[in-house]
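Reading through the structure tokens given below for one structure.
Residue numbers begin at 1 in each chain, while the letters A, B, ... track the order of the sequences.
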Amino acid sequence: MRTAGERHLTPDEIVDRVFPGDDRPAAIPAHLGACAACQAKVARLREAWLLDRGAVEGVVDALPVAYWDAQRASVLARLEAGNEGGREGAPAVAPAGDVSPFPVPDRRGAFLRHPVLAAGSLAAALVLVVGLTVSRLRAPAPAGPDLAARTPAVAAPTSGDAADDELLLSIERTLSQEPAYASLVPEEAL
Amino acid sequence: MKVAVPEETVLARQREERAEIARIVAGEIDRFEYFVKAYQKRIYRLAYTLLRDPAEADGVTQEVFVKAYRALADFKAESAFETWLTRIAINAVRDVARRRKPVVLFSELHGDGGDDAAELPASLDPADGTSPERDLLSREIRRRLADALVGLSPRQRAVFVMKHYEEKSIAEICEATGLDEGTIKSHLFRAARKLRERLEDLR
């Protein structure tokens, strides 16, 4: 029978070794001191965690000074804009254009933040739709001559067109009279 | 590794910050730059660790300072300015995380791991002495870890990151989140269990 000191660490125990839920370090299980496999598992998890933490640090450290300057300028510009158009005597902030390398326009909750404006816009849209529908229903149907007047007329044949037709007919006539070319004349022309 | 700051230094900084706050509340808006400069990197790092998105982290960082400025007159200096700012940041991150649905896992954002090395600073890339298998496994665990973090509830994630990434004490986390010690420990415990579930199939 295996004692607690002989059995391998459970997955929970391995996680707890790397991520203790307390400020004080947990007691090291006796087994961990002797088992290379368990030590390797704990080491791998710790290594992965340090890699992730280091990667986050790396991303932040890699940002250039200009980025922080721009972010700072953007914040201060927003504060200035808020104070110019805001309340007196107390820090007030109004939205302003960002000068950020990563601007994040967030308008997803705009309607929720301004319920009066939202309700007003909806009412205006409804009035417009109802008004248009009623005016269409009341308006008389367009009369025939009016519709005809608005319909573009088909262009009348010009004298040039008539001359072309005559030429084509004469060619067909000539061809049909010559036996050698009779097969070239379209059937409907014969 | 977290470096302990002497108490005198902390007290001197708190005095300086209180004086700056008084000037800002009196109308010297420009003085607020002092706070932005002092804490923007820290707030960004916290937001980025929690959200893993540079644009969102930037938006949150700016929002935190704007909100802090707006509420500056109400700051009672009962806690450190940084703690107060952290609390605003956690709330701002929570708002962003709540709006962000469905959850996109970190590994999905970064493809199949092909560009993984690009994220790591050179000093953290595994040394030549490590075996490729071990390197691969570490990266896989790291990816699962990041995924598991994104999969935690905003509150669990905030507590976990403050404890294990920011190296805050339980007392500091209590102060920053307004939660009691038992709740913090419970969040840490649940976060660790979820983490274990994510890593279970790995050797």
*Would you check if E197(B) and P11(A) make a side-chain contact, meaning some heavy-atom pair closer than 4.5 Å?*
no
Assert top hit (heavy-atom pairs under 4.5 Å, partner chain B, pool D12(A), I14(A), D69(A)) equals D12(A)
Heavy-atom side-chain contact between E63(B) and R78(A) under 4.5 Å = yes
All heavy atoms of V15(A) vs all of A192(B), minimum pair found to be CG1-O, 3.5 Å
Problem set entry | Heavy-atom check, side chain of Y67(A) versus side chain of D58(B), under 4.5 Å | yes
Discussion item. So L45(A) and R142(B), do their side chains get closer than 4.5 Å, heavy atoms only?
Written reply: no
Residue from L149(B), I29(B), V161(B) scoring the most non-hydrogen pairs under 4.5 Å with chain A is I29(B)
W68(A) and Q40(B) have their tightest heavy-atom pair at O-NE2, 3.2 Å
Considering only NZ, NE, NH1 and NH2 on the basic side and carboxylate oxygens on the acidic side, decide whether D61(A) and K41(B) come within less than 4.0 Å.
yes
Using a strict threshold of under 4.0 Å (side-chain N to carboxylate O), is an ion pair present between E140(B) and R44(A)? no
When the 4.5 angstrom heavy-atom criterion is applied to D16(A) and chain B, the contacting part is side chain
Taking every heavy atom of A48(A) against every heavy atom of I141(B), the minimum-distance pair comes out as CB-CG2, 3.3 Å
So, R52(B) and D52(A), do they make that salt bridge, N to O below 4.0 Å?
yes
By residue number, those in residues 177-189 of chain B with heavy atoms under 4.5 Å from heavy atoms of chain A are K185(B), L188(B)
When the 4.5 angstrom heavy-atom criterion is applied to I170(B) and chain A, the contacting part is both
query = Are the side chains of D23(A) and K163(B) in touch, meaning some heavy atoms are under 4.5 Å apart?
reply = yes
On a heavy-atom basis, the closest approach of L145(B) and W49(A) is CD2-CA, 3.4 Å
Under a 4.5 Å heavy-atom criterion, the part of residues 15-23 of chain B in contact with chain A comprises none
Do Q62(B) and R72(A) have side chains that approach each other closer than 4.5 Å (heavy atoms only, starting at C-beta)? no
Between the CZ atom in R139(B) and the CD atom in E47(A), the distance rounded to the nearest 0.5 Å is 10.0 Å
Rounded to the nearest 0.5 angstrom, the CG-CZ distance for L79(A) and F32(B) is 6.0 Å
